[in-house]
Structure formats: structure tokens, C-alpha cells
Amino acid sequence: MYNFENRTTSVGTTFGIAIGGVSGNAGLNAAAAADVLFSSILKDLNTSALGGQIVGMSRLWPGSGRMMRSYRIRVKVPRIDPKSVMAAVGSPLPSDLGTNSLSSAALSFTIELTCKSFIVRSEKGESPLRKALTEGDAELKKLRAILADPAVHPHILPYVRWIVGPSSSMNPSATMGPVERPLYLLRQHAHASLSDRLASRPFLTLIEKNWITFQLLNALQSLHDAGVCHGHLTTENVLLTSWNWVMISDVGCQHFKPVALPDDDPGLWIHWFEGRGREFGGGNTGVGTQEITVGSGHLGSNGEKRCTLPPERFFTPGLVKDATKTTPTELAYSMDVFSLGCVLIELFLNGERALDLGDLMEYRRQGDASNMPLSLKQKLDKIESSKMRAACRHMLSLDPSSRLSPVDYLDRLSASSSSSITHDARRNPKKPDVKISSHSSTLAPIPECFKTTLYPLLLRLRIEINSPDARIALIACKYGDVIKATVGLKDSWGVMYFSRLIGPTLQLLETSAKTD
């Protein structure tokens, strides 16, 4: 983390050196240009908006394509303004920070935001660029209105603010010629991404992986129920709290990215979708010490990085189109299901990628899901649960129409459903009945207690109870129920201990709330 407090160097100049990767006199031009660009962020996130100033920034990667950069920004807020802070971070303040007692107090604290920046370019002057940015602004506003309420979408973390930087053209009124503008997307910073967590100790246990799978299926179904496609689901935009609550980010970025990609030129895929991996590992940008966390397993021996895009998003230029093969012009829910299958394989293989671009192209050319690449078959065989293995294999079907919805996969992975249950024709009347597997040698990966006990409890921590002390008290109140549901045992001594610890009043309030 680079600290800007008590420094004579301007924030924008340092930011420019960080982007350019240079220092000293060689970076003056890049730094000066970036100083103007970053000033727009500083002007927007001023005292009137947040009641504070940016005091620190660190580079985050892997990213999403060569074109995108991610930064963690620390904003020091000397005076609490609940409305402005909530608008900035996209979530309510902790309940123990009351508005009446602290709104006028000179209390200083720091909030953390994630800023994703990339360049929007037009070859035909400023007018088409402004039109594209206007359409993107409308799309982001629509997504924020739909997804911002955590009570409705507790697993989605949308962007809450976006800033368009100044034009790179010396003559903004020019009607022709290339012109570009930087776009900054801001959201609340999360504890870690799934990619980071898979490379961190202690490593995830099997039950934790199943719990994350349960939440991912619920999260993607929630997104689709809202009529939104993600477009590029990876372990890098699946975020985790310190207590393993899943949130999906980068919703809305796909508006600025192409839907269809040529299969004979990887340049477009590299520019928009390739993860950054260890591209900057061990490097020094000349702006002081930076916190760089790069997970293992993202790069193969051949240097290629993982690809979670579905095969139907690639097309062969110049190929005569027929009635069965068309180039996609918009995202579809089945595309997200394929990406989710890649994410789940990576989750259960502790960070090992499911496919790279070469594997995906080979899989696509074969045209038959029964002839998967040998490397993909070997990776699927490493998944212990036969039900989970069958579900992941089915998610990676080449035919988009054969993939099921997230809730269907959730039904088949749950203990309450049999492995021979067929696809619900009422959800998709045009699809035939599909059996994911005829038998299973293992227990269902997702136990019933996830749905009945753990999820309702942790959902209250996400949307209702923000105070750390109140969260601990709630867990203490629910200790007996959780132990009985998850382990099947009754710990009378533990229940008595926590009852004495939290006191009869709190326990009575929680009991009465439960009965109501």
C-alpha cells in the first residue's frame, strides 16, 4: 500500500508513474498526463462527497484483460456522513455507528474502495465515443438500481460510481480521428477474491468448497432472475468476506467488451479477457512499496492463462454461416453457466485452471462433448464427489441449450434430491428431460443444513447485523441450533455456557423474534 499522507509528491503524479511503470525523468510525461486523469477522481471523491480524501492506493492484480487495471483506494473520512458514505461504498454503516451520536463528531476512520480503470476508444472522433459512454452510463445506472439492495441480491456487489476522464484528443470538438477516454469504476473493496483465497493458507476444506458452491449457484440464479448476464465469471471477480460469504463483482463491465471473438486471432481475447497473472511479478514501478498478491496456479508451463469464456462466443471469420451456427450478438444465461463450471473446477482443484485458450479451441473444434480434451477429463476426475464431477461436466456442454439453470444444478447437488431426478419441464418446456448421473458413490455435496440453518443465519450477518459484537451475540444465541443441524449432536453444556454469557434478555429477544 502506497501512503500519500505527509508526502510532497502529488497523488496524480505518483498515480501516473504507477500506470506508466516508469520513474524519474522518463515518466514525467506519463505522470503529468495521468495527473490530469486522476484529478477527476480526486475532484469527485472530495469532502462534499465522502467527507475525506484519498490517502493510499495499491495495485491489485490479476485483472481482467490487458486493458483493465485495478486499484485499492483508501479514503480517510474525518467526519461521518452516513448518507454520503453509504452512497460511496454501496452498503449501510455498521449499526453501532449511530447517526445521532457521531454525525457531528470529529471521528476519523478509513474506508476502502476498489477502482477498476480502462480506456474506451473511438476511431471516428468524439461523437461516437460520447454515444458509447452515454449508453454505458445508462446501463450501469440500470444495474445499480436493480442490484444495489443487499436484501434482494445479497451476493452481488455492483459498481456504485463511475467517472469518465478527459479526452485524449487535443481538439475535443474534432469529428474525425482516434480519441479515447479513461473510465473509472468504483465499488466497495472486499476481503479477498476466490483466486486469492485458493492460494492462501489455511487452504479451503471440502465443506468450505461445498459452501462456496452453494452460494455461487444461488448468486448466479439471483443475477439471472434479475434479467442480468455477467459475461465473464472467473475466480477473480468472485469475492469472499473473511467469513466466506460470496459476492460476485464486475457486473456491467461486459457492456464495454465484445460478445463475439474471432477464433483465429487471440489479440482481442488478450486485450479484453486475459488475466494478468504474474506479468508484473517482481517488478518495481518506482512508487514505493506496493502490496502485490498473485495466486499460484494461474499460469501454465506454456505461459497461457485460463479461459472461462464459453465456446459459442468464438466464431471463424469468413466461414459461410448456416442456420445452426450464428455469431452471438448478445450474452445468454447459458454462457454464465459454462463459466461457472470452469470456476467450480478451479475451486475443487485448489486453483488449477480448467481450460486455457488452446484447450477451449481444441474442445470447440471437436464439436462433441463426449470427446473432451484429455487434460480436461483428467482434471474432472480429480474432483472427489461424483455428483459434483457430473455437474461440472454437464455445465461444460458444448451445446448451450443442454446446460441447465443454476437452481437446477443446485437441486441435483442437494441432499434433498435424488441423482436420478430429471430436468423440470416447467422451467424449460423446450428441453428434454436430462439426467446428470444415474448413480453416486458419495453423499450429496450440499447438505440440507446449508439451506435450512447456515444460509438464513449468515444472511442476517450480511444484510441485518453489521456490528461485530452483535454478530458474535447472534452466533452465541444460535450455537445450539447450528451444532444440531450441522453435526447432528446436542451440546447441552455449550448451550448453557453461551446462555450465561449473553444473558437472558438478549436470548429472550432472539427467541421472541424467532417465534414472530
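Computed from heavy atoms alone, side chains included, the values below leave out hydrogens, waters and symmetry copies. Because the structure is predicted, anything quoted here is derived from the model rather than measured.
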Next on the checklist: Please enumerate all residues that pass side chain to side chain donor-acceptor pair (under 3.5 Å) together with Ser222, with sequence neighbours excluded.
Outcome noted: His153
Checklist entry - Got a donor-acceptor contact below 3.5 angstrom from the His230 side chain to the Met335 backbone? => result no
Next on the checklist: Between Arg462 (side chain only) and Ala151 (backbone N and O only), is there a donor and an acceptor less than 3.5 Å apart?
Outcome noted: no
Next on the checklist: Using modelled atom types and a 3.5 Å cut-off, is there a donor and acceptor pairing between side-chain atoms of Arg460 and backbone atoms of Tyr455?
Outcome noted: no
Next on the checklist: Between Arg197 (side chain only) and Ser200 (backbone N and O only), is there a donor and an acceptor less than 3.5 Å apart?
Outcome noted: yes
Checklist outcome for this item: Heavy-atom nearest pair, Ile475 first then Leu461, reads CD1-CD1, 4.3 Å
Next on the checklist: Between Ser122 (side chain only) and Pro128 (backbone N and O only), is there a donor and an acceptor less than 3.5 Å apart?
Outcome noted: no
Next on the checklist: Checking Arg161 against Arg187 for the side-chain contact (heavy atoms from CB on, under 4.5 Å) test, could you report, in this order, the C-alpha distance in whole Å, the side-chain angles of both residues, the deciding distance, and whether it holds?
Outcome noted: CA-CA 7 Å; Arg161 181 165 299 177; Arg187 61 163 171 80; over 6 Å; no
Checklist entry - Is there a donor-acceptor contact under 3.5 Å from the side chain of Arg181 to the main chain of Val164? => result no
Checklist outcome for this item: Taking every heavy atom of Pro154 against every heavy atom of Met247, the minimum-distance pair comes out as O-CG, 4.1 Å
Item to check | Partners meeting side chain to side chain donor-acceptor pair (under 3.5 Å) with Thr213 (sequence neighbours left out) | outcome: none
Checklist entry - Below 4.5 Å, heavy atoms only, C-beta onward: do Phe348 and Asn210 meet side chain to side chain? => result yes
Next on the checklist: Would you compute the distance between atom CG of Asp356 and atom CG of Leu360 and round it to the nearest 0.5 angstrom?
Outcome noted: 9.0 Å
Checklist entry - Which value, rounded to the nearest 0.5 Å, describes the distance between Leu140 atom CG and Leu185 atom CG? => result 6.0 Å
Next on the checklist: Any side-chain to backbone donor/acceptor pair from Glu208 onto Thr205? Under 3.5 Å, distance only.
Outcome noted: yes
Next on the checklist: Looking only at the side chains, is there a donor atom on one of Asp250 and Tyr159 sitting less than 3.5 Å from an acceptor on the other?
Outcome noted: yes
Next on the checklist: Between Cys477 and Ile502, is the side-chain contact (heavy atoms from CB on, under 4.5 Å) condition met? List the steps.
Outcome noted: CA-CA 8 Å; Cys477 288; Ile502 63 177; 3.2 Å; yes
Checklist outcome for this item: Applied to residues 331-343, the side-chain hydrogen bond (donor to acceptor under 3.5 Å, both in side chains) test, sequence neighbours excluded, yields His224-Asp336
Next on the checklist: Could you tell me if the side chain of Leu355 sits less than 4.5 Å from the side chain of Ile345, heavy atoms only?
Outcome noted: no
Checklist entry - Between Phe214 and Leu413, is any pair of side-chain heavy atoms under 4.5 Å apart? => result no
Next on the checklist: Looking at every heavy atom in both Met388 and Pro445, which two are closest together, and how far apart are they?
Outcome noted: CE-CB, 3.7 Å
Checklist entry - Atom CG in Leu454, atom CG in Leu459: separation rounded to 0.5 Å? => result 12.0 Å
Next on the checklist: For Ile73 and Thr114: C-alpha separation, side-chain torsions, deciding distance, then whether side-chain contact (heavy atoms from CB on, under 4.5 Å) applies.
Outcome noted: CA-CA 6 Å; Ile73 300 176; Thr114 294; over 6 Å; no
Checklist entry - Side-chain donor-acceptor pair under 3.5 Å between Lys209 and Asn244, yes or no? => result no
Next on the checklist: For a 4.5 angstrom cut-off between non-hydrogen side-chain atoms, does Leu396 reach Cys342?
Outcome noted: yes
Item to check | Passing option when His232 is tested against Phe273, Trp272, Phe338 for ring-ring contact (aromatic ring centres under 6.0 Å, His included) | outcome: Phe273
Checklist entry - Who pairs with Phe256 by ring pair (Phe, Tyr, Trp, His ring centres under 6.0 Å), at least two apart in sequence or on another chain? => result Phe118
Next on the checklist: So, using ring pair (Phe, Tyr, Trp, His ring centres under 6.0 Å) as the criterion, who are the partners of Phe314 when residues are at least two apart?
Outcome noted: none
Checklist entry - Between atom CG of Leu194 and atom CG of Leu204, what is the distance when rounded to the nearest 0.5 Å? => result 7.0 Å
Next on the checklist: Tell me whether the rings of His155 and Trp245 are parallel (<30°), tilted (30 to 60°) or perpendicular (>60°).
Outcome noted: parallel
Checklist entry - Does His189 offer a backbone N or O that forms a donor-acceptor pair with the side chain of Glu112 under 3.5 Å? => result no
Item to check | Residue pair Thr486 / Val482: nearest heavy atoms and the distance that separates them | outcome: OG1-O, 2.6 Å
Next on the checklist: Quick one about Glu346 and Thr235 (side-chain donor to acceptor, distance below 3.5 Å, no hydrogens or angles considered), yes or no?
Outcome noted: yes
Checklist entry - At what distance, to the nearest 0.5 angstrom, does CG of Leu216 lie from CG of Leu410? => result 11.0 Å
Checklist entry - How long is the gap from CG on Leu344 to SG on Cys392, to the nearest 0.5 Å? => result 5.0 Å
Checklist entry - Does any pair with a residue in residues 140-156 pass salt bridge (charged side-chain N to carboxylate O under 4.0 Å, His left out), and if so which ones, sequence neighbours excluded? => result Asp137-Lys141, Glu139-Lys142
Checklist entry - Between Glu236 and Lys116, does a salt bridge (Lys or Arg N to Asp or Glu O under 4.0 Å) hold up when you go through it step by step? => result CA-CA 13 Å; Glu236 294 166 3; Lys116 288 185 175 289; over 6 Å; no
Item to check | Member of Leu223, Ile156, Leu331 meeting the side chain to side chain contact (heavy atoms under 4.5 Å, CB included) criterion with Val228 | outcome: Leu223
Next on the checklist: Using a 3.5 Å distance criterion without hydrogens, assess whether the side chain of Lys379 forms a donor-acceptor pair with backbone atoms of Arg353.
Outcome noted: yes
Next on the checklist: I'd like to know whether Val160 forms a side-chain contact (heavy atoms from CB on, under 4.5 Å) with Gln188, so could you lay out the CA-CA distance, the side-chain angles of the two residues, the decisive distance to 0.1 Å, and finally the verdict.
Outcome noted: CA-CA 8 Å; Val160 295; Gln188 183 179 358; over 6 Å; no
Checklist outcome for this item: Nearest heavy-atom contact between Ile465 and Arg471 is O-NE, 2.8 Å
Checklist entry - Below 4.5 Å, heavy atoms only, C-beta onward: do Pro406 and Asn218 meet side chain to side chain? => result no
Next on the checklist: Is there a side-chain contact between His191 and Leu239 in this structure, where contact means two heavy atoms from C-beta onward sitting under 4.5 Å apart?
Outcome noted: no
Checklist entry - Can you name the closest pair of heavy atoms from Leu268 and Ala260 and give their distance? => result CD2-O, 4.4 Å
Next on the checklist: If you take the centroid of each ring, where Trp contributes its six-membered ring, are Phe450 and Trp211 closer together than 6.0 Å?
Outcome noted: yes
Checklist entry - Side chains of Pro328 and Val259: closer than 4.5 Å at any heavy-atom pair? => result yes
Checklist entry - Heavy atoms, side chains only, cut-off 4.5 Å: are Arg121 and Pro178 in contact? => result yes
